[in-house]
Structure formats: C-alpha cells, structure tokens
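As a basis for the values below, the full set of heavy atoms in this structure was taken, side chains included, without hydrogen atoms, waters or symmetry mates. Just so you know, these numbers come straight off a predicted model, no measurement behind them.
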Amino acid sequence: MSKIKPLIKQALTTLVVESLKLLRFLPLPVIHGLGVFLGLMSYLFNKDHRDHAVRNLKQFGLTNSDADLHKLLFKSTLENSKGALETFAIWFKPHAKVISWVKEIFGWDAVEKALQSGKGVIFLTPHLGCFEITSLYYGSHHPMAVLYRQPRQKWLLPLITNGRERGQITLAPANVQGVKQLLQALKRGEAIGVLPDQAPLEGEGEWAPFFGRPAYTMTLASKFAQKSGAQVFMAFGERLSFGRGYNIHIRAVNADGIDTPTLLNAEIEHTIKQCPAQYLWMYDRYKVRNQPPPQTL
C-alpha cells in the first residue's frame with residue numbers, strides 16, 4: 001500500500017496538470033467566463049472564504065455600507081477566480097499570444113526615461129489584477145529579474161518556471177542568492193520585480209499599518225531602492241471586462257516614497273484603491289509570525 005500511494009498521487013498530479021494545459025486552447029473571453037462561473041460557486045458555497053474576505057474588507061474600510069461591502073465582495077470573488085484560471089492560461093499559451101492581450105500601457109515613457117539613468121528600475125506589483133502579465137510584457141522589451149517564493153506544492157514549480165521565464169525574464173528565488181541576483185541586475189541598469197505585499201518570513205520585515213491594522217511588511221524593497229538609487233514604480237495589470245485583455249498601469253514613486261514599511265504600505269494602498277475589486281482579498285496579508293503584532297502603531 002505504501003508503494004501505491006505515491007503512484008496514485010503522481011497520477012492525480014499529472015491529470016491536474018494536463019487538464020490545466022487545456023486552457024491554452026481557449027480564448028480569453030471563455031477563460032474569464034469559466035472564472036466567473038467558478039467565482040459564483042465560491043461566493044455561494046464557500047462560506048469560510050467569504051467570511052474571511054468580509055473581515056478583511058470591513059477592516060480596510062473601502063465601503064460605506066454593508067450593501068456596498070457585499071457588492072465589492074461579489075465582484076472581487078469573480079475577479080479572483082478569473083485570475084486563477086488566467087494564470088495557467090498565460091503560462092501555457094504562446095508568449096506572443098499572451099503579449100497581444102495587453103491593450104494599453106500607461107506610464108511606459110517614464111520607465112524608458114528611468115532606464116537611461118543606468119541605475120535600474122524597481123517594479124513593485126501587488127496582488128492586484130493580473131500580476132503575471134506585467135512582468136511578461138516588460139520582459140518582451142527589456143531584461144528583468146523577478147523575485148519569487150517556491151510553492152509548497154512541488155508540482156507547481158516547473159509550471160511557474162516555464163511559464164514565467166520567457167522573453168528576457170529570469171527568476172530569482174527568495175533567499176540570499178536571489179537577493180544577490182536582483183542587486184546584480186540593478187547594477188547592470190536592468191529591472192527587477194517584487195511583490196511588495198507578500199508577507200515576509202520572520203526577521204525579514206517590520207510591523208506597519210496596512211489599511212489601519214498592523215501587517216508584517218517587507219523591508220527588502222526599500223533596501224533595494226536605497227542601495228541602488230533605482231527608480232521605483234508601482235505597477236499592475238488591470239483586467240478588462242468580457243475577456244478584452246489588460247491595461248497595464250505604471251506609476252512612479254518618489255525616491256524616498258518607500259523608505260519605511262509604513263510608506264511602502266501607503267503606496268500599496270493607493271494602488272489598490274485604483275481597482276479594489278481586483279485585489280486578492282483572500283490573501284492573508286495579516287499573517288502572524290512567532291512575533292505577535294504590536295497593539296498600536
């Protein structure tokens with residue numbers, strides 16, 4: 001029996017992967033349509049997820065009434081499900097096809113100007129909209145190193161690697177070696193990408209307010225900016241309705257705009273408010289490490 005279990009697990013993993021690969025044959029409107037269906041099922045029947053999202057949304061204070069809150073929750077649940085399916089489609093579809101989904105890019109001229117300084121560019125992309133499309137689009141024009149954390153499910157690792165390392169994108173693991181890799185990219189005047197709202201490991205962050213509640217926040221992004229003098233940009237891929245594609249929004253941040261975790265969170269909040277229905281509200285931004293959060297900040 002002990003020999004059979006690994007074989008069954010491997011067979012199920014293979015079945016899941018091959019099923020996900022079928023997404024590469026579907027057009028984006030159909031992919032997002034399937035996402036809407038799955039999101040509706042989640043909204044109606046996944047009470048634990050729904051309650052968790054409601055708690056987060058109430059804490060963030062983005063709505064003025066319960067009716068508005070549940071309207072935002074409904075929209076975000078559908079958007080998050082679209083995001084889950086589109087991620088696999090993006091990983092499996094031809095690179096050129098994925099890039100063709102980008103319809104407009106706001107702020108690109110500022111990026112090209114920043115590259116001319118030779119100090120590199122730092123892209124901070126929260127869990128907002130389609131965060132896969134932003135790096136792939138940039139990597140179709142210029143070299144870029146992207147920080148990533150290895151998934152708990154080992155079967156996902158080759159999918160992530162093959163799906164993201166396309167064009168001129170290279171992945172850097174979230175460890176000492178990966179940090180060195182990103183610093184070297186900045187020294188060459190290239191771009192790096194970081195998820196600024198990813199909960200850091202113990203000892204790699206500081207407590208700072210995020211929508212009024214203490215959140216353990218990375219210090220790595222500010223260290224990159226301070227050491228390199230690179231221009232910082234907040235960026236996200238807005239998901240357009242009815243599978244029409246994506247608009248990429250890029251906004252320059254002042255040189256001292258992320259010097260502290262509190263300032264960094266303020267920039268993330270500002271970005272989220274541009275498109276709150278597409279933020280990944282189910283992401284546990286308030287993870288508690290061994291060190292409990294302070295009572296007040």
Enquirer: Using side chain to side chain contact (heavy atoms under 4.5 Å, CB included), reason through L26 and L34 one step at a time and then give a plain yes or no.
Expert: CA-CA 10 Å; L26 302 178; L34 290 172; 3.9 Å; yes
Enquirer: Counting only N and O atoms by type, is there a donor-acceptor contact under 3.5 Å from the side chain of S81 to the main-chain atoms of G39?
Expert: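 Judged by distance alone, yes, a pair lies under 3.5 Å.
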Enquirer: Please lay out, stage by stage, how I31 and K93 fare under the test side chain to side chain contact (heavy atoms under 4.5 Å, CB included).
Expert: CA-CA 12 Å; I31 293 167; K93 278 186 175 288; 4.1 Å; yes
Enquirer: Examine the side chains of S135 and R164 and answer whether a donor and an acceptor come within less than 3.5 Å of each other.
Expert: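 On atom types as modelled, these side chains do not qualify, holding no pair under 3.5 Å.
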Enquirer: Contact between V54 and H70 at the side-chain level, heavy atoms closer than 4.5 Å - yes or no?
Expert: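 Side chain of V54 against side chain of H70, heavy atoms only: contact under 4.5 Å found.
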Enquirer: Just by distance, with hydrogens left out, do D197 and Y279 show a side-chain donor and acceptor under 3.5 Å apart?
Expert: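 Note: D197 and Y279 side chains meet the donor-acceptor criterion.
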Enquirer: Under 6.0 Å from the NE2 atom of H95, do we count more than 12 heavy atoms belonging to anything else shown?
Expert: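 Enclosed.
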Enquirer: Please identify which of these residues, E86, K82, R244, meets the side-chain hydrogen bond (donor to acceptor under 3.5 Å, both in side chains) condition with H32.
Expert: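 Testing each of E86, K82, R244 against H32, the sole residue satisfying side-chain hydrogen bond (donor to acceptor under 3.5 Å, both in side chains) is E86.
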Enquirer: Between R239 and E79, is there a donor-acceptor pair closer than 3.5 Å when you use the side chain of the first and the backbone of the second?
Expert: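 Yes; judged by distance alone, with no hydrogens or angles, the pair exists.
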Enquirer: Flag the pair I192 / M144 as yes when at least one side-chain heavy-atom distance between them is below 4.5 Å, and no otherwise.
Expert: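 No - every pair of side-chain heavy atoms lies 4.5 Å or more apart.
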Enquirer: Could you tell me whether the side chain of E204 reaches within less than 4.5 Å of the side chain of L220, counting heavy atoms only?
Expert: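 Answer no - side chains too far apart.
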Enquirer: Stepwise, does the side chain to side chain contact (heavy atoms under 4.5 Å, CB included) test hold for L69 with K58?
Expert: CA-CA 8 Å; L69 184 149; K58 283 183 176 179; 3.3 Å; yes
Enquirer: If we ignore hydrogens and angles and just use 3.5 Å, is the side chain of T161 paired with the main-chain N or O of L157 as donor and acceptor?
Expert: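 Such a contact is found between T161 side chain and L157 backbone.
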Enquirer: Quick one: does K180's side chain get under 4.5 Å of N175's, heavy atoms only?
Expert: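 A side-chain contact under 4.5 Å is absent here.
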Enquirer: Just by modelled atom types, is the Y216 backbone N or O under 3.5 Å from a matching donor or acceptor in the E206 side chain?
Expert: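 Side chain of E206 to backbone of Y216, a donor-acceptor pair under 3.5 Å: no, none is there.
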Enquirer: Just by distance, with hydrogens left out, do T217 and N265 show a side-chain donor and acceptor under 3.5 Å apart?
Expert: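 Checked: T217/N265 side chains pair up, N/O donor to acceptor below 3.5 Å.
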Enquirer: Determine the minimum heavy-atom distance between P200 and G205, stating which atoms define it.
Expert: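 That closest heavy-atom pairing would be CG-CA, 4.0 Å.
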Enquirer: What's the verdict on side chain to side chain contact (heavy atoms under 4.5 Å, CB included) for L182 and V146, showing C-alpha distance, side-chain angles and the deciding distance?
Expert: CA-CA 8 Å; L182 265 61; V146 177; over 6 Å; no
Enquirer: Do other residues, nucleotides or ligands put more than 12 heavy atoms under 6.0 Å from the CZ atom of F106?
Expert: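 Yes.
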Enquirer: Start with the C-alpha gap between W108 and Y138, add the side-chain angles, then the distance that decides, and say whether ring pair (Phe, Tyr, Trp, His ring centres under 6.0 Å) holds.
Expert: CA-CA 10 Å; W108 186 257; Y138 184 87; 5.8 Å; yes
Enquirer: Kindly say whether the aromatic ring centers of H127 and F131 come within a distance under 6.0 Å.
Expert: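 Between H127 and F131, the centre distance is under 6.0 Å.
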Enquirer: Verify, without hydrogens or angle tests, whether N254 (side chain) and D256 (backbone) share a donor-acceptor contact under 3.5 angstrom.
Expert: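 No; zero donor-acceptor contacts below 3.5 Å.
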Enquirer: Looking at Q231 and A114, would you say the former's side chain and the latter's main chain have a donor-acceptor pair under 3.5 Å?
Expert: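 No, the answer is negative, given that no donor and acceptor are paired below the 3.5 Å cut-off.
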Enquirer: If we count only N and O atoms by modelled type, under 3.5 Å, do the side chains of E112 and H141 hold a donor and an acceptor together?
Expert: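 There is no such pair (donor and acceptor under 3.5 Å, judged by atom type) between the side chains of E112 and H141.
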Enquirer: Could you point out which residue of F123, F233, F236 forms a ring pair (Phe, Tyr, Trp, His ring centres under 6.0 Å) with H249?
Expert: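 Only one of F123, F233, F236 forms a ring pair (Phe, Tyr, Trp, His ring centres under 6.0 Å) with H249, namely F236.
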Enquirer: Is it true that K47 and D51 make a salt bridge, defined as a side-chain N closer than 4.0 Å to a carboxylate O?
Expert: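 Between D51 and K47 there is a salt bridge, with a charged N closer than 4.0 Å to a carboxylate O.
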Enquirer: Checking E190 side chain against G118 main chain: does a donor-acceptor pair fall under 3.5 Å?
Expert: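 Here the side-chain-to-backbone pair does not exist.
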Enquirer: Using atom types as modelled and distance alone, determine if a side-chain donor or acceptor of S117 lies under 3.5 Å from a backbone N or O of K113.
Expert: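 Flag not set: sc S117 to bb K113 has no pair under 3.5 Å.
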Enquirer: Given side chains that start at C-beta, do those of I258 and V253 come closer than 4.5 Å, heavy atoms only?
Expert: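 Sidechains of V253 and I258: in contact.
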Enquirer: Tell me whether L57 is reachable from Y43 by hopping between hydrophobic residues (I, L, V, M, F, W, Y) whose side-chain heavy atoms are closer than 4.5 Å.
Expert: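 Same cluster: Y43 reaches L57 through Ile, Leu, Val, Met, Phe, Trp or Tyr contacts under 4.5 Å.
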Enquirer: Over all heavy atoms of both residues, which pair between L147 and P173 is shortest? Give the atoms and the distance, please.
Expert: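 Looking at all heavy atoms of both residues, the closest pair is CD1-O, 3.5 Å.
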Enquirer: More than 12 heavy atoms of other residues, nucleotides or ligands under 6.0 Å from NZ of K97: is that the case?
Expert: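 No, NZ of K97 has 12 or fewer neighbouring heavy atoms, counting only those of other groups under 6.0 Å.
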Enquirer: Side chains of H270 and K273: does their closest heavy-atom pair fall under 4.5 Å?
Expert: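 The answer is no, as the side chains (C-beta and beyond) never meet within the 4.5 Å cut-off.
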Enquirer: Decide yes or no for N46 and R50: does some side-chain heavy atom of the first lie under 4.5 Å from some side-chain heavy atom of the second?
Expert: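 Not in contact.
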Enquirer: Would you kindly confirm whether L22 and L85 end up in one hydrophobic cluster when ILVMFWY residues are joined by side chain heavy atoms under 4.5 Å apart?
Expert: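 No, it is not one cluster - the side chains of L22 and L85 are not joined through contacts under 4.5 Å.
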Enquirer: Give a yes or no answer on whether the side chain of T134 reaches the backbone of C130 with a donor-acceptor pair at less than 3.5 Å.
Expert: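 Looks like no, no N/O pair under 3.5 Å.
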Enquirer: Is there a path from L186 to I250 through hydrophobic residues (I, L, V, M, F, W, Y) whose side chains come within less than 4.5 Å of each other?
Expert: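 Per the 4.5 Å side-chain linkage, L186 and I250 are co-clustered.
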Enquirer: Please say yes or no: joined through hydrophobic side-chain contacts below 4.5 Å, possibly via intermediate residues, are L15 and L159 part of one cluster?
Expert: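 L15 does not cluster with L159.
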Enquirer: Would a distance-only check, ignoring hydrogens and angles, find a side-chain to backbone donor-acceptor pair under 3.5 Å from W281 to P276?
Expert: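 Side chain of W281 to backbone of P276: a pair is present.
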Enquirer: Which word best sums up how the rings of W91 and F88 line up, parallel for under 30°, tilted for 30 to 60°, or perpendicular for over 60°?
Expert: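 The rings of W91 and F88 stand perpendicular, inter-plane angle above 60°.
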Enquirer: Within a strict 4.5 Å, meaning less than it, do heavy atoms of the E269 and L62 side chains meet?
Expert: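 E269 vs L62: side chains apart.
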